[in-house]
Amino acid sequence: MGQSTILLPRFDIETTLLGGQAFRWEKIGENQITSFQGIVSGRILQVRWEDGGYVVDCDFTDTNAESAQFIRGYFDLDRDYGSARNALIADPMLRHFASSLFEDWDGPRILRQPWFETTISFIVSANNHIPRIRNILRVISRTFGKKISNEASGDYAFPTPEQLAGADLSTLRGECNTGYRDIFIRDTARRMADAFSYWNEATLLSTDELRTALLELPGIGPKVAECILLFGFHRFEAFPVDTWVRKAVSEAYFGGRTIPDGEIRHFAADHFGPNAGLAQQYLFEAARKRG
DNA sequence: CACCAGGACGGCG
DNA sequence: CGCCGTCATGGT
């Protein structure tokens, strides 16, 4: 049983963990010093304040070295976010539009999340509110995932592709409240279970090939595919266009007039290049924060 | 209490 | 291709 405490660099923890990219983190400790608990890859992670910075505690059946490696990967600690942020906010339009994100700390990061959970999460996200997405994913985990052996904690890992492939639609719809997305969830889980090694070794694939493969799965359209590429397959150049990003790009760069999604994506790739994914997250969180 | 949500899908012109 | 109605559900 390994037990590690790892110091995190300076960044906007709350927006990163509770914003629109991850759905399995919660703020804990009422009126205490803020801390967060999340479930990632069947592990319970806690982020808490200690001596002027945030640290992550992980307590699970890995060695300390494995725990550290896992945390480094999940929080993308090997990427230079200072440089990426500086490059992006050199653009006065982005700097101004997203200024609310940089009042205290250094803005949000992009988490490197597990690909299957990310896939199902963003299928669920379609035409849905974030609080409801969180509820649905919690019940899906409780219903189909493995209980994390930890007293009576009530914490469950997100289900594997095989576990969700065996789900019946009435349970997904009636108990998990997925609505019409039940068939998309089960059938995409089946497809990913049947081709598990293909998806599990997707680091070998180009972003274009991976995007094409994702778009063949039920419930995955252009926007959801882009989210899975960015958050689940760590493609930093991916640029999801949803209602908030649409509004943000329109207001910040086109004087408020409506722009076709294709033109928005072209603009983003051209304007933000390899940092488009992070730029997208700035635009999304800033637009959502201002309402 | 209508409205809308990190849209996708199928049918139509 | 592009456009448009439809799709469950519940948070605000």
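Numbered from 1 within each chain, the chains take letters A, B, ... in sequence-line order. Keep in mind it's a predicted model, so treat the numbers as computed, not measured.
Counting non-hydrogen atoms under 4.0 angstrom, A:Phe23 reaches nothing in the nucleic acid. Base engagement by A:Gln281 is indicated by at least one non-hydrogen atom pair under 4.0 Å involving a base atom. Here A:Ile183 lies out of heavy-atom contact (under 4.0 Å) with every strand. As judged by a 4.0 angstrom heavy-atom cut-off over every strand, A:Gly219 is placed among residues touching the sugar-phosphate backbone only. At a threshold of 4.0 angstrom between heavy atoms, the contacts of A:Val241 with the nucleic acid are absent.
Put simply, CD1 on A:Ile220 is 14 Å from P on B:dG10, counting in whole angstrom units. Whole-Å rounding puts the A:Lys247 NZ to B:dA5 C1' distance at 12 Å. Rounded to an integer number of Å, the gap from CG of A:Leu217 to C1' of B:dG7 is 16 Å. Nucleotide B:dC9 holds its P atom 9 Å from the CD1 atom of A:Ile123, rounded to whole Å. Straight-line distance from the CG atom of A:Leu215 to the C1' atom of B:dG10: 17 Å, rounded to whole Å. For the pair A:Glu216 CD and B:dC9 C1', the computed distance is 16 Å after rounding to whole Å. Between the CZ atom of A:Phe122 and the C1' atom of B:dA5 there is a distance of 14 Å, given to the nearest Å.
A side-chain donor-acceptor contact under 3.5 Å links A:Asp80 to the backbone of A:Ser83.
Shown here are the side chain to side chain donor-acceptor pair (under 3.5 Å) partners of A:Asp208, two or more places apart in sequence or in another chain: A:Arg211.
Checked against a 6.0 Å centroid threshold, the rings of A:Phe11 and A:Tyr81 do not count as neighbours.
Of all non-hydrogen atoms in A:Glu237 and A:Gly273, the two that sit nearest each other are CB-O, 4.1 Å.
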### Query
When you check every protein heavy atom under 4.0 Å of nucleotides 7-12 of chain C, what one-letter string (B, S, -) results, 5' to 3'?
BBBBBS
### Query
Between A:Phe272 and A:Leu94, does a side-chain contact (heavy atoms from CB on, under 4.5 Å) hold up when you go through it step by step?
CA-CA 10 Å; A:Phe272 303 122; A:Leu94 185 57; 4.0 Å; yes
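Comparing C:dG10 with B:dC9, their P atoms sit 23 Å apart, to the nearest whole Å. Between C:dT6 and B:dC3, the two P atoms lie 15 Å apart (nearest whole Å).
For A:Lys146, the NZ atom is loosely surrounded, since the number of other residues' heavy atoms within 6.0 Å does not exceed 12.
Using modelled atom types and a 3.5 Å distance limit, the side chains of A:Ser141 and A:Arg24 yield a donor-acceptor pair.
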